Student: 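Sending over a structure as structure tokens; questions will come in a sec.
No hydrogens, no waters, no symmetry mates; every other heavy atom, side chains included, goes into these values. All figures in this text were calculated on a predicted structure; none of them were measured in a lab. For reference, positions follow the sequence shown, starting with 1.
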Amino acid sequence: MGLGGARRGQWAGAVRAAFGRGRRLEGVEPLAGGSKKGVYRLVMDDGTTAVAYVWAEDENYWPAAEGDDDPADPFSPGLGLDLFEAAHTRLDSLGVRVPAIRLVDREGAHCPADLAIVEDLRGESLEALLTRDPRAAAPVMERLRESLDAMRSHRASAFGKVAVVDAGGTSRGTSCEGVVLDRALRDLAEAASRDPRIEGARDRLEERLRDLAGAVRPRGRYSLVHGELGPDHVLVDPEGQPVLIDIEGAMYFDVEWEHVFLRIRFDDRYTVLAADGLDEHRLEFYTLAQRLSLTAGPLRLLDGNFPDRGLMAGIAEHNLREALRLVRP
């Protein structure tokens, strides 16, 4: 049961636990954009607000797949409070701004699902600011680059989700590039089963993936990465600081994985965030892998009841064409 179905008294109790008896819950507003968890604004009687994250089955639009609940898989969905808390702790320790936590509940005291209540940042996303006022967004982009530098500098000798690695655990797979290749081949198969254009180019795409993976040399140290850091996953606080959200998928991985995604999502504004010394072989390999992921993932999401179907179809179509362009004869 998500927040929308919870009894009013449960949420009034969560607000009291988070903020004391001096505030009373006045209203609950669903916030758009989440595909793996429910996100709601809690409005109190004094006008203050907070945001509730709810990791409930009926808040997750992604069709279930084998291994979804396996945190040892670096690319399993970022679901649940444990992943959120571990990522939050690590990012905060590095001085990377994340929404402050007001309450966590994994025992079901206030909700029959994992729950976190966090600081509400009422300002706009970096994506919206870049569109509205690129000049005002410029210092925010510079500060985001500083956050990325801090994350890149924090290294681990193992790869995988922050919750796994920081607890001394071991992830599945023998290398980042091996994990990416396995995932890319699965994405290729899924995309080919859903679109004849990918099916027609499947052999060329698979050959190219294997050739690119074979050119990557082993590496033994890994950086902290968000994993899906687009401008929609960065909010701007009142002081103009970038605030990272949707952090459950944070992991130790090749930093090139992060920068390929940044380059795709920020497009011509990426130059501010670009880093020196990245491995060109990894960049090339991970670009094709991410194009296939951003094709197969949205097509998979459309198998369910995700509400903004036009958005997902557009993402899939754009990345499908980009993937095919990378193996065009």
Student: For salt bridge (Lys or Arg N to Asp or Glu O under 4.0 Å), just list the numbers for E190 and R186, CA-CA rounded to whole Å, side-chain angles, deciding distance to a tenth of an Å, and then say yes or no.
Tutor: CA-CA 6 Å; E190 283 201 36; R186 292 195 302 270; over 6 Å; no

Student: Is the backbone of W257 close enough, under 3.5 Å, to the side chain of D254 for a donor and an acceptor to pair up by distance?
Tutor: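 Between the backbone of W257 and the side chain of D254 there is no qualifying donor-acceptor contact (under 3.5 Å).
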
Student: Among side-chain atoms of S223 and R155, is any donor-acceptor pair under 3.5 angstrom?
Tutor: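 Per modelled atom types, S223 and R155 side chains form a pair under 3.5 Å.
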
Student: Passes side chain to side chain contact (heavy atoms under 4.5 Å, CB included), V236 versus V243? Steps please.
Tutor: CA-CA 6 Å; V236 183; V243 185; over 6 Å; no

Student: Should the pair F159 and Y222 be assigned to parallel (<30°), tilted (30 to 60°) or perpendicular (>60°) ring geometry?
Tutor: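 Judged by the thresholds at 30° and 60°, the geometry between F159 and Y222 is perpendicular.
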
Student: Between A213 and L181, which heavy-atom pair has the shortest distance, and what is it?
Tutor: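 Closest approach of A213 to L181: CB-CD2, 4.1 Å.
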
Student: Quick one, E146 with R143, criterion salt bridge (Lys or Arg N to Asp or Glu O under 4.0 Å). Give me CA distance, side-chain angles, the key distance, then yes/no.
Tutor: CA-CA 5 Å; E146 292 170 2; R143 292 169 189 140; over 6 Å; no

Student: Quick one, L224 and L91 - any side-chain contact, counting heavy atoms below 4.5 Å?
Tutor: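 They are in contact (side-chain heavy atoms under 4.5 Å apart), so the answer is yes.
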
Student: If you look only at distance, which donor and acceptor atoms sit under 3.5 Å apart when one is on a side chain in residues 265-273 and the other is two or more places apart or in another chain?
Tutor:
residue : atom : partner : partner atom : Å
R265    : NH2  : D232    : OD1          : 2.9
R269    : NH2  : L130    : O            : 3.4
Y270    : OH   : H259    : ND1          : 2.8

Student: Counting C-beta onward and ignoring hydrogens, is there a side-chain heavy-atom pair between Y53 and D114 closer than 4.5 Å?
Tutor: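 No, too far: nothing below the 4.5 Å cut-off.
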
Student: Looking at R321 and E317, does any basic side-chain N land under 4.0 Å from a carboxylate oxygen?
Tutor: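 Salt bridge flag = yes for E317 with R321.
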
Student: Establish, from distance only, whether the side-chain atoms of Y252 and R90 form a donor-acceptor pair under 3.5 Å.
Tutor: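 Checked: Y252/R90 side chains pair up, N/O donor to acceptor below 3.5 Å.
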
Student: What about M151 and V164, same hydrophobic cluster or not, with Ile/Leu/Val/Met/Phe/Trp/Tyr joined at side-chain heavy-atom distances under 4.5 Å?
Tutor: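 No, M151 does not connect to V164 through the hydrophobic network.
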
Student: Once you round to the nearest 0.5 Å, how far does CD1 of I198 lie from CG of L292?
Tutor: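 Spacing of CD1 (I198) from CG (L292) equals 6.0 Å.
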
Student: One thing to verify: whether D92 and R97 come together as a salt bridge, which I'm taking to mean a side-chain N less than 4.0 angstrom from a carboxylate O.
Tutor: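 Salt bridge between R97 and D92, a charged N being under 4.0 Å from a carboxylate O: no.
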
Student: Is it true that a side-chain atom of R282 and a backbone atom of R217 form a donor plus acceptor pair closer than 3.5 Å?
Tutor: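 Present.
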
Student: So do the side chains of L212 and V216 get within less than 4.5 Å of each other, counting heavy atoms only?
Tutor: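 Of all side-chain heavy-atom pairs linking V216 with L212, none is under 4.5 Å.
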
Student: Can any side-chain N or O of E119 pair as donor or acceptor with the backbone N or O of A100 at less than 3.5 Å?
Tutor: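 Present.
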
Student: Hey, does the side chain of T295 reach the backbone of R291 with a donor-acceptor pair shorter than 3.5 angstrom?
Tutor: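 Side chain of T295 to backbone of R291, a donor-acceptor pair under 3.5 Å: yes, one is there.
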
Student: Side-chain contact test, heavy atoms from C-beta onward, threshold under 4.5 Å: evaluate it for L324 versus R197 and give yes or no.
Tutor: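 In short, these two side chains touch, coming nearer than 4.5 Å.
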
Student: If you compare all heavy atoms of S147 against all heavy atoms of V96, which two are closest, and at what distance to 0.1 Å?
Tutor: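 Smallest heavy-atom distance, with atoms named: O-CG2, 4.0 Å.
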
Student: Which label fits H88 and F84: parallel for a plane angle under 30°, tilted from 30 to 60°, or perpendicular past 60°?
Tutor: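 If you compare the ring of H88 with that of F84, the planes turn out tilted.
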
Student: Do K37 and D246 meet the salt-bridge criterion of a basic N to acidic O distance under 4.0 Å?
Tutor: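 Yes.
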
Student: May I ask you to say whether R172 pairs ionically with D73, meaning some side-chain N is under 4.0 Å from a carboxylate O?
Tutor: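 So R172 does not pair with D73 through a salt bridge.
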
Student: Check this for me, if you would: do E26 and R24 make a salt bridge, where the nitrogen-to-carboxylate-oxygen distance has to be below 4.0 angstrom?
Tutor: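 Looking at E26 and R24, the cut-off is met.
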
Student: Transitively linked via ILVMFWY side-chain contacts under 4.5 Å: L83 with L115?
Tutor: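 Each belongs to a different hydrophobic cluster.
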
Student: Restricting to salt bridge (charged side-chain N to carboxylate O under 4.0 Å, His left out), what partner residues turn up for R263, sequence neighbours left out?
Tutor: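 Partners of R263 by the salt bridge (charged side-chain N to carboxylate O under 4.0 Å, His left out) criterion come out as none, since no residue qualifies.
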
Student: Working to the nearest 0.5 Å, report the span between CG of L81 and CZ of R106.
Tutor: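 Nearest 0.5 Å value for the CG-CZ distance: 4.0 Å.
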
Student: Between the side chain of T89 and the main-chain N/O of E85, is any donor-acceptor distance below 3.5 Å?
Tutor: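 Here the side-chain-to-backbone pair exists.
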
Student: Taking side-chain contact (heavy atoms from CB on, under 4.5 Å) as the test, write out the residues that go with T49, two or more places apart.
Tutor: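 T49 satisfies side-chain contact (heavy atoms from CB on, under 4.5 Å) with R41, V43, D120, R122 once adjacent residues are dropped.
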
Student: Can you check whether W11 reaches C111 side chain to side chain, under 4.5 Å on heavy atoms?
Tutor: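 A side-chain contact under 4.5 Å exists here.
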
Student: Regarding E59 and Y40, is there a side-chain donor-to-acceptor distance under 3.5 Å anywhere?
Tutor: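 Yes, because at least one side-chain N or O of E59 sits under 3.5 Å from a partner of the opposite role on Y40.
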
Student: Restricting to non-hydrogen atoms, name the atom on V260 and the atom on L283 that form the minimum distance, rounded to 0.1 Å.
Tutor: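 Reported closest heavy-atom pair: CG2-O, 3.7 Å.
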
Student: Could you check V225 against F261 for side chain to side chain contact (heavy atoms under 4.5 Å, CB included), going step by step and ending with a plain yes or no?
Tutor: CA-CA 11 Å; V225 303; F261 195 87; over 6 Å; no

Student: Looking at R145 and D149, is any side-chain nitrogen of the basic one under 4.0 Å from a carboxylate oxygen of the acidic one?
Tutor: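 Answer for the salt bridge query: yes.
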
Student: Once rounded to the nearest 0.5 Å, what's the spacing between atom CG of L235 and atom CD of Q241?
Tutor: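 Between L235 CG and Q241 CD, I get 13.0 Å after rounding to 0.5 Å.
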
Student: Just wondering, more than 12 heavy atoms not from R183 lying within 6.0 Å of its CZ?
Tutor: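 It does: R183 CZ has more than 12 such atoms within range.
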
Student: May I ask you to check whether over 12 heavy atoms, not counting those of H154, lie within 6.0 Å of atom NE2?
Tutor: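 Counting other residues, nucleotides and ligands, NE2 of H154 exceeds 12 neighbours.
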
Student: Distance from D70 atom CG to S76 atom OG, nearest 0.5 Å?
Tutor: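 Interatomic distance, D70 CG to S76 OG, rounded to 0.5 Å: 6.0 Å.
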
Student: What do you reckon, is CZ of R21 surrounded by more than 12 foreign heavy atoms closer than 6.0 Å?
Tutor: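 Count not over threshold, so no.
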
Student: Using modelled atom types only, decide if a donor and an acceptor are shared between the side chain of D187 and the backbone of A296 within a distance under 3.5 Å.
Tutor: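 The answer is no, because no donor-acceptor pair under 3.5 Å joins these two groups.
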
Student: Is the number of heavy atoms from other residues, nucleotides or ligands under 6.0 Å of E29 CD greater than 12?
Tutor: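 Yes, the 6.0 Å shell around CD holds more than 12 heavy atoms from other groups.
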
Student: So which heavy atom on I117 is nearest to which on A18, and how close?
Tutor: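 In this case the closest contact between I117 and A18 is CD1-CB, 4.4 Å.
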
Student: Would you say that more than 12 heavy atoms from the other residues, nucleotides or ligands in this model lie under 6.0 Å from the CZ of R221, or not?
Tutor: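 Counting neighbours around CZ of R221, more than 12 heavy atoms of other residues, nucleotides or ligands fall under 6.0 Å, so yes.
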
Student: I'd like to know if the side chain of K161 and the backbone of P71 have a donor-acceptor N/O pair within less than 3.5 Å.
Tutor: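 It does not hold such a pair.
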
Student: Do you know which two heavy atoms are closest between P99 and L121, and how far apart they sit?
Tutor: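 Between these two residues, the closest heavy atoms are CG-CD1, 4.1 Å.
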
Student: Hey, does E258 have a side-chain heavy atom less than 4.5 Å from the side chain of L148?
Tutor: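 Touching, per the 4.5 Å side-chain cut-off.
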
Student: Consider side-chain contact (heavy atoms from CB on, under 4.5 Å). Of H226, E228, H233, which one does I247 pass it with?
Tutor: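 Of all the options given, the one that passes is H226.
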
Student: First locate atom CD of E256, then atom CZ of R219, and finally report the distance between them rounded to the nearest 0.5 Å.
Tutor: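 Taking CD in E256 and CZ in R219, the distance rounds to 4.0 Å.
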
Student: State plainly whether the residues R208 and E284 are in salt-bridge range, i.e. N to O under 4.0 Å.
Tutor: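 Answer for the salt bridge query: yes.
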
Student: In terms of the angle between their ring planes, are F253 and Y286 parallel, tilted or perpendicular, with boundaries placed at 30° and 60°?
Tutor: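 Tilted.
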
Student: State, with a plain yes or no, whether a side-chain heavy atom of L288 is found less than 4.5 Å away from one of L209.
Tutor: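 Yes, their side chains come closer than 4.5 Å.
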
Student: Would V234 and I245 count as a side chain to side chain contact (heavy atoms under 4.5 Å, CB included) if you check the C-alpha gap in whole Å, the side-chain angles of each, and the deciding distance to 0.1 Å?
Tutor: CA-CA 6 Å; V234 182; I245 60 171; over 6 Å; no

Student: Would a 4.5 Å heavy-atom cut-off, applied to side chains only, mark W55 and K36 as touching?
Tutor: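 No. Closest side-chain heavy atoms not under 4.5 Å.
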
Student: So which heavy atom on A17 is nearest to which on H110, and how close?
Tutor: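 Of all heavy-atom pairs spanning A17 and H110, the closest is CB-NE2, 3.7 Å.
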
Student: Roughly how far apart are L185 CG and R202 CZ, rounded to 0.5 Å?
Tutor: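 Here the rounded value is 9.0 Å.
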
Student: Less than 4.0 Å between a side-chain N and a carboxylate O, is that true for E207 and R204?
Tutor: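 Looking at R204 and E207, the cut-off is not met.
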
